[in-house]
There are 4 protein chains.
Amino acid sequence: MEVIAPTHSREALRTPAVRESAAARSRAATRGRLLSAGRNLFAQRGLHRVTTHDIARMAGVASGTFYLHFTDKRELFREIAHQSVAALQARIASANAGASDRAGAVRARTEALVAFVDENRELARILFSADTDAAAVESDVLNALAASIADTRRQQAAEGSVWTALDPAVLSQALVGMLARVLAWWVEDPTRASRETVVDTLTRIQLSGTHPV
Amino acid sequence: MEVIAPTHSREALRTPAVRESAAARSRAATRGRLLSAGRNLFAQRGLHRVTTHDIARMAGVASGTFYLHFTDKRELFREIAHQSVAALQARIASANAGASDRAGAVRARTEALVAFVDENRELARILFSADTDAAAVESDVLNALAASIADTRRQQAAEGSVWTALDPAVLSQALVGMLARVLAWWVEDPTRASRETVVDTLTRIQLSGTHPV
Amino acid sequence: MEVIAPTHSREALRTPAVRESAAARSRAATRGRLLSAGRNLFAQRGLHRVTTHDIARMAGVASGTFYLHFTDKRELFREIAHQSVAALQARIASANAGASDRAGAVRARTEALVAFVDENRELARILFSADTDAAAVESDVLNALAASIADTRRQQAAEGSVWTALDPAVLSQALVGMLARVLAWWVEDPTRASRETVVDTLTRIQLSGTHPV
Amino acid sequence: MEVIAPTHSREALRTPAVRESAAARSRAATRGRLLSAGRNLFAQRGLHRVTTHDIARMAGVASGTFYLHFTDKRELFREIAHQSVAALQARIASANAGASDRAGAVRARTEALVAFVDENRELARILFSADTDAAAVESDVLNALAASIADTRRQQAAEGSVWTALDPAVLSQALVGMLARVLAWWVEDPTRASRETVVDTLTRIQLSGTHPV
DNA sequence: GATGAATGAGTATTCATTCAT
DNA sequence: AATGAATGAATACTCATTCAT
């Protein structure tokens, strides 16, 4: 019993809750460093030209530590992609909410998208650079976007607010492909076009391509 | 005299020209089998999930034989991509030549593109599936297409035949991204939309997005 | 009180310092086994008839482990050669220091050289067996020896203590070639001559060839 | 019968003997080209950094042809080495025959050796560059030379014409090692020393090292 | 929770050699 | 005698993943 005492007294200084949150904080910090390293490296080199050792090294942890936080490389990638998508969607939704008419909403959403890409080039490279392997993971991202566009479109068609000659599924894939390629192309070298030009061109294409003639 | 004939024919089998062409024919056949196996496998799994051993095995040759025909995997891929692009371009150019006006030309080119994809699904998967590694090789393909669209567009703008508010570089990337994504999406499962729907939707988008309002 | 002691000692096993040194010790042991296996195999078969798998197998480790310790086969070889040279040079320098006159020094150095070879036959085979590939790595060894002989010789010539008709560069190559070949020949089968005979003959040749007539 | 006639008449133009010698001449020419290519390539890169394809290519023949003339790479190497040695020995023997006294003979042999090396740098690189693999083949060369020196030496000792304190076997290895290294060193860059310096230094060393004091 | 040494299957590539033509 | 396409074993090197400490 006495033997345990000193141990107890040391533990008494930190309540279990505090101890747990300290451990949790440390764990979260390590996890965060791995995510950050992954973002950097995946953006630069793509999914399969990055090794788990590279990520652990850049995160400043031992290579085995990687597997205490992620089951494998793809999971880390998925996590990064999901975080990115969530951030992007929040940004777009908020921009959308402030718009009064349809044209304004399209422009606002496009502006939000381009601004996000401009401010998060690393993430953008991951989200929009097309990588077959990555796609196995992130295709959900663009597919989800396409699905949401298609839904909106179908609803608008039902309301008679858009020209129905355009197939919603095809159109949504077209829009997603267009946005992804332009953004991937622009983020690779932002001097290729001014941000205003990108926003304006993408907005006009969306409006002309989706509005009745 | 007649007797000499068979002798001649026997010798004919040994003339360098015939011998060479027999060997050359065998060589070409093997090369063709490797190209075919490569097309299959790359279409299914992408550039880096296919090994040179896989390709050799599917071609029914020893693994070393691969290297008698291609310096490495990328070269095989490049060859396949170039062949595909040449075939596709020929098809589009020929369709284009038969059109009388601009709208007809856009539709004809789109029809040719979709027909090619429909008839060469394997090739289409390679050409339009976005693979970062493959991109290092085939990006030329889409980039070349984009560049040619941008050039045409600039010329039309100079002639006043199209609305100039759309930046040619951005627009061309947008069109290429749109076409590539829609075709990749469609070829992955052609029941997703009828061929007519795909042609029609893509044609209308191109016309509305590139014509003056 | 006593109870705490073992606890302490258990904790001691987990302190970073101890953990690190345990890992480091294990790492060093593996590295040592690889070096030892390399010495054995290189001595028997030469640089390029030994594979990294052979070395790993003889060291009792997996083949990938080799690359955790050496970047490639040549690096392992270089390491072995450098260690051997350092040991040999130390031996010769120490023998040299104890000699009173020039003849004594030549004999002492030769004795040290022959003794080293006798005691380290594996290393000797590597150092003195002439291998073109190995030479790219170890030639420094014999060349360094030759250069040092040439320097000494030039200095002695300047002091008038040796006959100057012998070109220092040619002479030093001659001596190095002589020593290397005799030692390689002898170590291959030490019954070919007694150690005393080798020492004596080499000493006399050096003295007669370098002294004034 | 008639069938055979034309064949006969054609054959009649060349007697079997002539035909055979024509074929033999052609065969010998191919063999000679392979030997020549081998000499070039082995001298530049050593035994195992040269492929049989390299040799066939440089000889201007198909790769399979190599095996019609040599059972494998080592046999070609052996053949080249033997030819070289024979040429060298003839040269030395002839030089030796013209000498009147022992000192003159040593100088004459050394001059012949150095002249041969100077005139046949390719061969010299093969003969004197120490290559473990090559050694498995050519060691006979230097060993034969060493054996002949040792024999001569033993005979001279028996006649009392040389100092017997030097062990013949050790001495012969020493001389061979010395000559091989100096010549390999010199042929690698003949500006390192003048031919006269090389001859003179090697001659003096041999005389001082082998003569009574 | 973290470490980092070790694993070993996987992959590209080479090259001596064979053999049908 | 010559050809040259094909073979396939050999080999260096990588990297996701495990596990004892």
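Quick note on labels: first sequence line is chain A, next is B, and so on, each numbered from 1. Here the structure is a predicted model, which means the values were calculated and not measured.
- Base pairing in DNA chain F gives the following stems of 3 or more Watson-Crick or G-U pairs, range against range and under 3.5 Å: E:2-21 with F:2-21.
- Toward the 5′ end of DNA chain F lies the nearest nucleotide of B:R31, the other residue of the pair B:R31 and B:H53 mapping further downstream.
- A:R39 meets the side chain to side chain donor-acceptor pair (under 3.5 Å) test with A:Q83; sequence neighbours excluded.
- Closest approach to the A:T51 side chain among F:dA12, F:dA16, E:dT13 is made by F:dA16 (side chain taken as heavy atoms from C-beta onward).
- Between the CG atom of C:L41 and the P atom of F:dA12 there is a distance of 12 Å, given to the nearest Å.
- To the nearest angstrom, C1' of E:dT18 lies 14 Å from CG of D:D72.
- Here the P atom of nucleotide F:dA9 and the CG atom of C:D54 are 18 Å apart, to the nearest Å.
- Residues passing the side chain to side chain contact (heavy atoms under 4.5 Å, CB included) test with D:A37, sequence neighbours excluded: D:I55, D:M58, D:A59.
- Residues from residues 55-70 of chain D that place a heavy atom under 4.0 Å from any atom of DNA chain F, listed by number: D:V61, D:A62, D:S63, D:G64, D:T65, D:L68, D:H69.
- Between the CZ atom of C:R25 and the P atom of E:dG4 there is a distance of 15 Å, rounded to whole Å.
- Atom CG of A:L76 and atom P of F:dA16 are 12 Å apart (whole Å).
- The distance from atom CZ of C:R33 to atom P of E:dA5 is 14 Å, rounded to the nearest whole Å.
- Counting heavy atoms from C-beta outward, D:Q44 and D:E122 have side chains that stay 4.5 Å or more apart.
- Residues D:Y67 and D:T52 form a side-chain contact, since some pair of their non-hydrogen atoms from C-beta on lies under 4.5 Å apart.
- Under the 4.0 Å criterion applied to side-chain N and carboxylate O atoms, A:R74 and A:E79 are not assigned as salt-bridge partners.
- For D:E75, the side chain to side chain donor-acceptor pair (under 3.5 Å) partners at least two apart in sequence or on another chain are D:T71.
- The aromatic rings of D:H48 and C:H48 lie parallel to each other, their planes meeting at an angle below 30°, with 60° marking the opposite boundary.
- Each of C:A29 and B:T52 has a nearest nucleotide on DNA chain E; the 5'-most of these lies closest to C:A29.
- Distances shorter than 4.0 Å separate none of the side-chain N or O atoms of B:T30 from OP1 or OP2 on F:dA5.
- C:S26 comes within 4.0 angstrom of the backbone, heavy atoms only, and of no base.
- No side-chain heavy atom of B:F42 sits less than 4.5 Å from a side-chain heavy atom of B:L123.
- DNA chain E is contacted by both B:K73 and C:R27; C:R27 maps to the nucleotide lying nearer its 5′ end (nearest heavy atom per residue).
- Applying the salt bridge (charged side-chain N to carboxylate O under 4.0 Å, His left out) rule to pairs touching residues 56-70 of chain C yields C:D54-C:R57, sequence neighbours excluded.
- In this structure, A:R49 atom CZ and F:dA16 atom C1' are separated by 17 Å, rounded to whole Å.
- Taking atom CD on A:E75 and atom P on F:dT17, their separation rounds to 11 Å, with Å as the unit.
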